[in-house]
Amino acid sequence: MTLPDGQARPARRHGMGDPGATGRFGEYGGRYVPESLVPACAEVEAAFRDAWADPEFRGRLKTLLTVYAGRPTPLTPAWRLSEELGITLLLKREDLTHTGSHKINNVIGQALLARRMGKRRLLAETGAGQHGVATATAAALLGLEATVFMGAQDIERQSLNVLRMEVLGARVVPVTSGSRTLKDACNEAMRHWVSSVADSYYCIGSVMGPHPYPWMVREFQRVIGEEARGQCAAELPGGVPDYVVACIGGGSNAAGTFAGFVDTTARLVGVEAEGGAAATFGRAGVLHGFRSMVLQDDDGQVTEAHSIAAGLDYPGIGPEHAHLRDTARARYVVVDDEEVVEALHRLARTEGILAALESAHALAWVLRAARSGEIKPGSTVMMTLSGRGDKDLPTLKEAR
Ligand SMILES: Cc1ncc(COP(=O)(O)O)c(C=O)c1O
């Protein structure tokens, strides 16, 4: 059975549940790591399974997300933009969390887990710096050390976030190899983890990496989708929006959002940056410990991603997204930098909300699809606004 736009009807085939011991989502996922890291990944998996089944851990996480991170985040109608587009657009406001993006949801979960495992230090990679800031924040909160690996190019374009991390007490390590962006920061963080696994916990920032990370990070971000589902039920006459839209770097805000709606009739749309569109232009391959869709050349070499949004500058996509794409439960679309800057300004001018460049990707597709009639007038759209745009002001100034 198909929906009018040709999408497969959702999705008993894909419940976004536990991928089991192999960590597979269809043909994707798994654990492709050096032998020395296999026990470390197994230790994280065992610890997460134990913690996730423990009401005390869940309760502590919920309390911190509430009294510290500011959850639940509101679902804000974009009143003026909705009127202009002839649709109902609702924004899930992850930009209003402490530290200004959804990354905090995952990091508080993993930092609590690290402490439960007796680790004293968090290692992290970061692109836009939002995951790094969230890691530095959670480390300070829970009395852990934090070391954050960041590409030298990203250090230049996200200098404010570098300063924030340092003020929060984290050590920021510049990575000068390759394209000097997120991919290279991930390589370096993994290399470092191999040599320090006894006392360090690798806190991955998206639904990527070896099993259990893609599953665990999605579970820590599920709170976005679950809250939004309840808020939509209260807000919308039909209860469920026609479209659920989120931007995709590795895919964590989208995975958390989709998890709340995968068993509904909502069409799920992930929006990629044109220069980092692994679900659209990639081929199956292995990157950073997992199998997924990866941008690569004819020889199978991973190619560089390029996006105006540092957090989307990643040549792969989380393995569960590759599976959601293959099973046609979600659709992945591409927008370019110019549309993104226009969308960011549009939202700022109509709603008084300065979105992150990453989040503006999701909006750029909504604007295009509503203007072209692909999203029909009268439709309802729930979009995750993953973060706030203060960090992007220098980039915006340059783009003028
Ligand atoms: C505000 C914001 N949104 C989205 C992303 C992309 O990450 P993900 O696809 O894991 O949600 C980032 C990454 O840094 C970000 O900072």
Side-chain angles (χ1 to χ4, degrees), residues 73 91-97 99-107 125-134 150-151 153-154 157-158 160-161 164 181-183 185-186 204-208 217 221 224 244-258 269-280 305-318 321 332-348 353-368 383-396 398-399:
T73 57
L91 304 172
K92 182 61 176 157
R93 300 290 306 280
E94 296 302 295
D95 59 314
L96 294 180
T97 55
T99 73
S101 88
H102 68 295
K103 298 287 179 185
I104 195 77
N105 306 325
N106 166 46
V107 163
E125 80 295 328
T126 197
Q130 287 301 97
H131 174 59
V133 167
M150 188 169 187
Q153 187 189 322
D154 292 337
R157 56 180 169 170
Q158 299 291 346
L160 256 181
N161 271 346
R164 284 169 82 192
T181 60
L182 181 57
K183 164 174 76 72
C186 291
I204 296 186
S206 191
V207 284
M208 56 193 213
V217 175
Q221 293 292 4
I224 304 173
V244 169
V245 186
C247 70
I248 305 247
S252 68
N253 85 91
T257 303
F258 291 176
V269 182
V271 185
E272 299 188 284
E274 189 177 37
T280 307
H306 297 285
S307 165
I308 194 168
L312 306 190
D313 230 343
Y314 186 66
I317 186 169
H321 286 294
Y332 295 85
V333 296
V334 172
V335 295
D336 66 31
D337 288 353
E338 212 173 299
E339 293 175 282
V340 168
V341 173
E342 197 252 323
L344 185 147
H345 282 114
R346 203 76 217 109
L347 189 70
I353 297 172
L354 181 57
L357 278 166
E358 288 80 8
S359 324
H361 281 68
L363 184 66
W365 180 78
V366 172
L367 293 184
R368 190 211 290 162
M383 188 198 107
T384 295
L385 205 148
S386 54
R388 68 175 186 228
D390 311 43
K391 69 182 178 52
D392 296 318
L393 288 172
T395 306
L396 284 175
E398 246 171 61

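Counting heavy atoms from C-beta outward, L312 and H361 have side chains that approach closer than 4.5 Å. Using a 4.5 Å heavy-atom cutoff, the side chains of V107 and T99 are not in contact. Side-chain atoms of L357 and L396, non-hydrogen and from C-beta on, do get closer than 4.5 Å to each other. When side chains are defined from C-beta on, K92 counts as touching T73, because their heavy atoms get closer than 4.5 Å. L367 is not listed as a side-chain neighbour of E339, based on a closest heavy-atom distance of 4.5 Å or more. M208 places a side-chain heavy atom less than 4.5 Å from the side chain of E125. Residues I353 and R93 form a side-chain contact, since some pair of their non-hydrogen atoms from C-beta on lies under 4.5 Å apart. Considering only heavy atoms from C-beta on, Y314 comes within 4.5 Å of C186 through its side chain.
Rounding to the nearest 0.5 angstrom, the gap separating the CG atom in L347 from the OG atom in S359 is 9.5 Å. Separating the CD1 atom in I224 from the OG atom in S252 is a distance of 7.0 Å, to the nearest 0.5 Å. Rounding to the nearest 0.5 angstrom, the gap separating the OG atom in S386 from the NE2 atom in H102 is 5.5 Å. Note that the CG atom of L363 and the CG atom of L385 stand 8.0 Å from one another [nearest 0.5 Å]. Taking CG of D336 as the reference point, atom CZ of R368 lies at 7.5 Å (rounded to 0.5 Å). R164 contributes atom CZ, which lies 10.0 Å from atom CD of Q158 (distance to the nearest 0.5 angstrom).
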Discussion item. Applying side-chain contact (heavy atoms from CB on, under 4.5 Å) to L354 and L393, what does each step give before you reach the verdict?
Written reply: CA-CA 10 Å; L354 181 57; L393 288 172; 3.9 Å; yes
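Q130 and N161 are linked by a side-chain donor-acceptor pair at a separation below 3.5 angstrom, with hydrogens and angles left out of the test. N106 and Q221 share no side-chain donor-acceptor pair at under 3.5 Å.
Shown here for A310 and D154, the closest heavy-atom pair between the two residues is CB-OD1, 3.8 Å. Heavy atoms only, all atoms of each residue included: N253 and C247 are closest at ND2-O, 3.1 Å. Across every non-hydrogen atom of G151 and A185, the tightest pair is N-CB, 4.0 Å. Contact record, R388 with D95: N-CB, 3.5 Å, taken as the closest heavy-atom pair. The shortest heavy-atom contact between V335 and W365 is CG1-N, 3.7 Å. In this structure, V217 and S206 approach most closely via the heavy-atom pair CG2-O, 3.4 Å.
Within the 3.5 Å criterion, the main-chain N or O of A309 finds no donor-acceptor partner in the side chain of D392. Between the side chain of H321 and the backbone N or O of A279, no donor-acceptor pair lies under 3.5 Å. No side-chain donor-acceptor contact under 3.5 Å links E342 to the backbone of A364.
Between D313 and R157, at least one side-chain nitrogen of the basic residue sits less than 4.0 Å from a carboxylate oxygen of the acidic one, meeting the salt-bridge criterion. Between E358 and K391, at least one side-chain nitrogen of the basic residue sits less than 4.0 Å from a carboxylate oxygen of the acidic one, meeting the salt-bridge criterion.
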